[in-house]
Number of protein chains: 2
Amino acid sequence: MTASPLEPIDRAILRELTVDGRCSFTDLAERVGLSVSAVHQRVRRLEARGVLKGYAAVLDGEQIGLPLTAFISLTPIDPAAPDDYPQRLEHLTQIEACYSVAGDASYVVKVRVAGPTALEELLRQIRELAHVSTRTTVVLSTPYEDRPPGL
Amino acid sequence: MTASPLEPIDRAILRELTVDGRCSFTDLAERVGLSVSAVHQRVRRLEARGVLKGYAAVLDGEQIGLPLTAFISLTPIDPAAPDDYPQRLEHLTQIEACYSVAGDASYVVKVRVAGPTALEELLRQIRELAHVSTRTTVVLSTPYEDRPPGL
DNA sequence: CTTGAAAGGGATACTCT
DNA sequence: AGAGTATCCCTTTCAAG
């Protein structure tokens with residue numbers, strides 16, 4: 001299901017937009033060496049194809065009052081239970097991402113909370129909502145994150 | 001070091017920009033119920049304070065030819081070695097994020113590669129560059145990711 | 001913080017190559 | 001496809017309330 005490989009110019013466009021998502025079409029055109037219209041066309045096509053899924057502001061977790069990040073591995077208590085954990089947990093806004101994984105656990109979720117107390121409460125909610133046991137890895141610091149994929 | 005708590009309007013602005021990072025100031029002003037100038041001022045202030053660290057395009061990993069995502073836990077082989085793993089691995093573009101963690105491992109990195117062969121080669125590089133043993137958790141699917149923090 | 005205005009630049013559509 | 005052009009809208013700054 002991996003779609004047609006990307007052209008070099010499209011890759012250049014995506015690289016620029018990953019670094020600066022608010023870059024103007026004029027600047028973008030200059031950086032990739034195309035006219036404004038051509039870049040405009042290509043960006044719209046990339047958006048339509050779903051390669052470019054959107055644009056997001058990058059926030060500083062510490063400065064928005066959510067300084068504690070953690071990864072929580074979820075292991076089902078009842079192996080026969082239906083596999084609907086993502087939906088069961090979706091409404092918990094502290095959960096930033098949910099991954100289905102191969103390994104000891106079934107899922108790994110990335111969470112962001114205000115502190116240890118909030119983490120404890122969140123763990124209680126997750127266990128109750130999803131009937132899972134949890135293993136939590138607390139993040140001490142983040143040397144880097146959200147780097148542009150190797151385009 | 002958690003800075004002054006955010007005002008409701010600032011939180012609203014950040015919420016909108018997390019969902020649509022290319023939203024125009026005109027639209028933003030409408031959505032948060034402020035004048036364009038006022039929104040402009042607030043966004044610049046949030047950027048200056050470092051709350052708003054930037055804007056990034058959100059790409060579809062599968063469609064850019066990097067369908068395999070994994071988390072790799074790094075455990076030092078020599079406990080006395082200097083703690084400079086992030087720098088040693090920084091140039092590996094397959095590494096999207098690096099977290100210093102509390103737990104069995106010292107670091108967890110999130111990687112994105114073209115397939116199993118590329119993952120094997122990357123693991124070899126990581127072990128050699130950082131003198132660590134690795135434990136890899138392959139991501140099978142991603143129900144959701146990059147959700148707006150609970151603002 | 002709001003309004004209003006004004007200059008400059010960007011976005012978008014259209015046409016031509 | 002890419003380039004050029006014209007129009008309209010947005011961004012950005014300013015002054016004043």
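Here is the naming used below: chain letters follow the sequence lines, and residue numbers restart at 1 for every chain. As a basis for the values below, the full set of heavy atoms in this structure was taken, side chains included, without hydrogen atoms, waters or symmetry mates.
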According to side-chain hydrogen bond (donor to acceptor under 3.5 Å, both in side chains), who are the partners of [X], at least two apart in sequence or on a separate chain?
{"X": "B:Arg127", "result": "B:Thr134"}
{"X": "A:Asp104", "result": "none"}
{"X": "B:Glu121", "result": "B:Arg124"}
{"X": "A:Asp84", "result": "A:Arg88"}

Inset, instruction - May I have all residue pairs that pass ring-ring contact (aromatic ring centres under 6.0 Å, His included) and include part of residues 30-66 of chain B, sequence neighbours excluded? - result: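 Pairs touching residues 30-66 of chain B that pass the test: B:Phe25-B:His40.
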
Legend entry - B:Arg135 (side chain) donor-acceptor with B:Phe71 (main chain) under 3.5 angstrom: no

Legend entry - Any pair counted as side-chain hydrogen bond (donor to acceptor under 3.5 Å, both in side chains), so long as it reaches residues 20-30 of chain A, sequence neighbours left out: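 For residues 20-30 of chain A: none.
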
What donor-acceptor contacts under 3.5 angstrom involve side-chain atoms of residues 31-39 of chain A, with partners at least two apart or in another chain?
| from | atom 1 | to | atom 2 | distance (Å) |
| --- | --- | --- | --- | --- |
| A:Arg31 | NH1 | A:Glu16 | OE1 | 3.2 |
| A:Ser35 | OG | A:Ala38 | N | 3.2 |

Legend entry - Members besides A:Tyr107 in its Ile/Leu/Val/Met/Phe/Trp/Tyr cluster (side-chain heavy atoms under 4.5 Å):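 In the cluster with A:Tyr107 are A:Leu68, A:Ile72, A:Leu74, A:Tyr85, A:Leu89, A:Leu92, A:Ile95, A:Val109, A:Val111, A:Val113, A:Leu119, A:Leu122, A:Leu123, A:Ile126, A:Leu129, A:Val132, A:Val138, B:Tyr144.
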
Legend entry - For A:Val19, the rest of its hydrophobic cluster, which grows through side-chain links under 4.5 angstrom: none

Inset, instruction - Please round to 10 degrees the angle between the axis of the first five pairs and the axis of the last five pairs in the helix from C:dC1-D:dG17 to C:dT17-D:dA1. - result: 30°

Inset, instruction - Provide the start and end nucleotides, 5' to 3', of the part of DNA chain D that has atoms under 4.0 Å from heavy atoms of chain B. - result: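 Using the under 4.0 Å cut-off, the span is D:dC10 to D:dT13.
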
Inset, instruction - Any chance you could list the contact pattern along nucleotides 7-17 of chain C? Use B for base contacts, S for sugar-phosphate-only contacts and - for none, protein heavy atoms under 4.0 Å, 5' to 3'. - result: ---SSB-----

